[in-house]
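Sequence lines set the chain letters: A, B, ... in the order given, protein chains first and strands last, and positions in each chain run from 1. Because only heavy atoms are used, hydrogens play no part in the values below, and waters and symmetry mates are left out as well, while side chains stay in.
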There are 2 protein chains.
Amino acid sequence: MSQTVQRALRIIEFVAERPRSLGEVAGHLGVHRSTALRLLQTLQDGGFARTVGGRYTVGLRLVALAQQALDQLDLLPVAHPYLVRLGDRHGHTVHLAQLLDDEIVYVAKVDGRGALRMGSRVGRTVNPQTSAVGKAILAYLDDASRERFLERITYRAYTASSITSPEALRAELARIAERGWAEDDGEFEDFVTCVAAPVRDARGQVVAAVSITALRAVAPVERLRGCLPDLTETCAAISRDLGWPGADGPRTGSRGANRP
Amino acid sequence: MSQTVQRALRIIEFVAERPRSLGEVAGHLGVHRSTALRLLQTLQDGGFARTVGGRYTVGLRLVALAQQALDQLDLLPVAHPYLVRLGDRHGHTVHLAQLLDDEIVYVAKVDGRGALRMGSRVGRTVNPQTSAVGKAILAYLDDASRERFLERITYRAYTASSITSPEALRAELARIAERGWAEDDGEFEDFVTCVAAPVRDARGQVVAAVSITALRAVAPVERLRGCLPDLTETCAAISRDLGWPGADGPRTGSRGANRP
DNA sequence: GTAGGTGGTTGCAACATATGCACCAACGGA
DNA sequence: TCCGTTGGTGCATATGTTGCAACCACCTAC
């Protein structure tokens, strides 16, 4: 493990919060200003940091590399046109989350027509306790994988609607698997509602989920449920593009077929 | 300058191209496998690298930090709702490029309805010789700044439509400043057409540009010119949101007012 | 106009860390 | 079963990183 590289990465994290002075960076790392300066100079040289008005912030090369990394995900080019059209038809924010390694991560977001932008961010992990996409993926995991996720959940009562015990979440995941879609009815932020459906790969494994999200004031969850036929059909189409034979094809998934 | 940090950043660049084995990374850097491994372990620990099928690729923490960095640009939250609506009205890909430091960089992209995705990438620099957004910004720079850009241009003939001399580019920039909009009529890739207009800050300085891009087969440049009233009005609205008093307000820009 | 404080920066010697070596484990092909 | 390749680790040491002292620029107060 390299201490010097760790320091450099901590600098990137620190300046990503907001632009920082050299002294702030040195203080944050607990090193001499000259040490911080040399690390920052190296990050600048590589495009990972830049200065704006005498303060250090994240460099644009990092941004370009992030886009390059996202472009490498096989799912994204397949799914993206569907997301854009789905968002266009409904006017709400659309998310794609993917199961990567042992995490569920937002990998795409298509903003809705409203001026307000959702706080979700590409690259960030999903909250599997509350988010519709998280639950839509968990519902179809094999038992061992799902239990690993359930173990890591805090079951915090973010809002009055939050699911606050493993038993209750297991029951909800069983319902989701049965009906083929998930929802977040203000479980994390009580003014946000969301519905989601799973995306399958060629082997029928659920590897991602797509959601439609809105402010409750704009679209209560009952109204978002009206999008479900379109949403589940869109997810089926993405799945077919990934090689999935369809709900009546060879069964490899552990749970019931995807039907609204 | 830190050699160790430089190596770590080179690793990130290298694995962003495509997933790489430990041996490939060691070979690329010219170091022992154990050195490469420790650097990779540190990057993984920080979320900047991860392994997929025994190969190293970019980590998702980098992706999240990149989004965080983009979210910090003052312009983006202001402009983004306009871009989404503009794209929605015209159905074509919309880009926002911003003048940052001494570069013009794509900072947002809203995909059009077609299945094909443009090769442009958020975080990458703009080609100021050929791109409509690049020319839309250059046209309004002060003479010294503009000449610095012009000096760095290669004037390569990418297509038959490319501008291939500084004189010809200066003349085109003067026309752009006169009429208030720019276009790319297949100057970089002959099957892509584009129109762009500038965005001003509170002092009337041009700091960004918005473009509408399409495949020539879908929308020849004559058809895209039909979007110009809407595009220039959108850019004026973004500019007013940034504090610009408007074309009839106090004049601080070096060239004529923005009107189609 | 000058002094003092602050922040950015550099040269250099000390030393703490990064490094390569030797070795091990796992895997796949012959 | 054997051999080659690749991923990975412990450790001694070579070297690159580090903090110190000093410098410079800028800003503010007197």
Side-chain angles (χ1 to χ4, degrees), chain A residues 1-62 69 72 100-103 144 203, chain B residues 1-62 69 72 100-103 144 203:
Chain A
M1 216 64 93
S2 167
Q3 171 185 250
T4 306
V5 174
Q6 278 180 319
R7 282 176 172 166
L9 302 186
R10 284 177 65 201
I11 291 176
I12 297 172
E13 299 267 359
F14 190 58
V15 302
E17 289 171 21
R18 66 178 175 274
R20 308 281 195 177
S21 69
L22 175 63
E24 287 180 282
V25 171
H28 180 70
L29 292 185
V31 300
H32 197 272
R33 288 196 323 279
S34 59
T35 300
L37 181 67
R38 286 194 192 85
L39 293 169
L40 278 161
Q41 282 174 334
T42 307
L43 290 171
Q44 266 186 298
D45 197 60
F48 284 68
R50 63 191 177 100
T51 55
V52 176
R55 295 178 158 265
Y56 292 90
T57 186
V58 177
L60 295 158
R61 186 72 195 123
L62 184 144
Q72 274 183 33
L100 288 168
D101 304 334
D102 215 25
E103 300 181 292
R203 293 172 295 137
Chain B
M1 213 63 93
S2 164
Q3 171 183 250
T4 306
V5 173
Q6 279 180 321
R7 283 175 170 166
L9 302 186
R10 285 179 62 203
I11 290 176
I12 297 172
E13 299 269 359
F14 189 59
V15 302
E17 289 170 22
R18 67 177 175 276
R20 308 282 194 176
S21 70
L22 175 64
E24 286 179 283
V25 171
H28 181 68
L29 293 183
V31 299
H32 197 275
R33 284 195 327 278
S34 58
T35 301
L37 180 67
R38 286 194 191 86
L39 294 169
L40 279 160
Q41 283 173 332
T42 308
L43 290 170
Q44 267 186 295
D45 197 58
F48 283 69
R50 64 191 176 95
T51 55
V52 177
R55 292 178 161 268
Y56 293 91
T57 187
V58 178
L60 294 156
R61 187 68 196 129
L62 184 145
Q72 274 183 33
L100 289 167
D101 306 330
D102 215 24
E103 301 181 289
R203 294 171 295 138

Requested in this report: If a pair satisfies side-chain hydrogen bond (donor to acceptor under 3.5 Å, both in side chains) and one of its residues is in residues 2-12 of chain A, list it, with sequence neighbours excluded.
Outcome: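 Of all non-adjacent pairs touching residues 2-12 of chain A, none passes side-chain hydrogen bond (donor to acceptor under 3.5 Å, both in side chains).
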How close or far is atom [atom2] of [N] from atom [atom1] of [X], stated in whole angstroms?
| X | N | atom1 | atom2 | result |
| --- | --- | --- | --- | --- |
| B:Q44 | D:dG7 | CD | C1' | 12 Å |
| B:R55 | D:dG7 | CZ | P | 8 Å |
| A:L39 | C:dT17 | CG | P | 14 Å |

Query - Sugar-phosphate, base or nothing in reach of A:R7, heavy atoms under 4.0 Å - result: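 Sugar-phosphate, no base atom in range.
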Query raised in the report: Below 4.0 angstrom from OP1 or OP2 of D:dT17, is there any side-chain N or O of B:S2?
Result: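 B:S2 to D:dT17 OP1/OP2: side-chain N or O found under 4.0 Å.
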Query raised in the report: A:T4 side chain N/O closer than 4.0 Å to the phosphate oxygens (OP1, OP2) of C:dA18?
Result: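 Checking C:dA18 against A:T4, a side-chain N or O does come within under 4.0 Å of OP1 or OP2.
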Quick one: does [X]'s side chain have a donor or acceptor within less than 3.5 Å of a partner on [Y]'s backbone?
| X | Y | result |
| --- | --- | --- |
| B:E103 | B:L100 | no |
| A:Q72 | A:A69 | no |
| A:R20 | A:F14 | yes |

Report summary line: Nucleotide by nucleotide, nucleotides 9-16 of chain C touches protein heavy atoms under 4.0 Å in the pattern (B base, S sugar-phosphate only, - none) BBBB----
Report task. For B:A36 and for A:E24, find the nucleotide of DNA chain C with the closest heavy atom, then tell me which residue's nucleotide is more 5'. Result ->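 Nearer the 5' end of the strand: A:E24.
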Query raised in the report: Once you round to the nearest 0.5 Å, how far does CG of B:L43 lie from OH of B:Y56?
Result: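 Going from the CG atom of B:L43 to the OH atom of B:Y56 covers 10.5 Å.
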Requested in this report: Please round to the nearest 0.5 Å and tell me the distance separating atom CZ of B:R33 and atom CG of B:L40.
Outcome: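 Rounded to the nearest 0.5 Å, the CZ-CG separation comes out at 13.0 Å.
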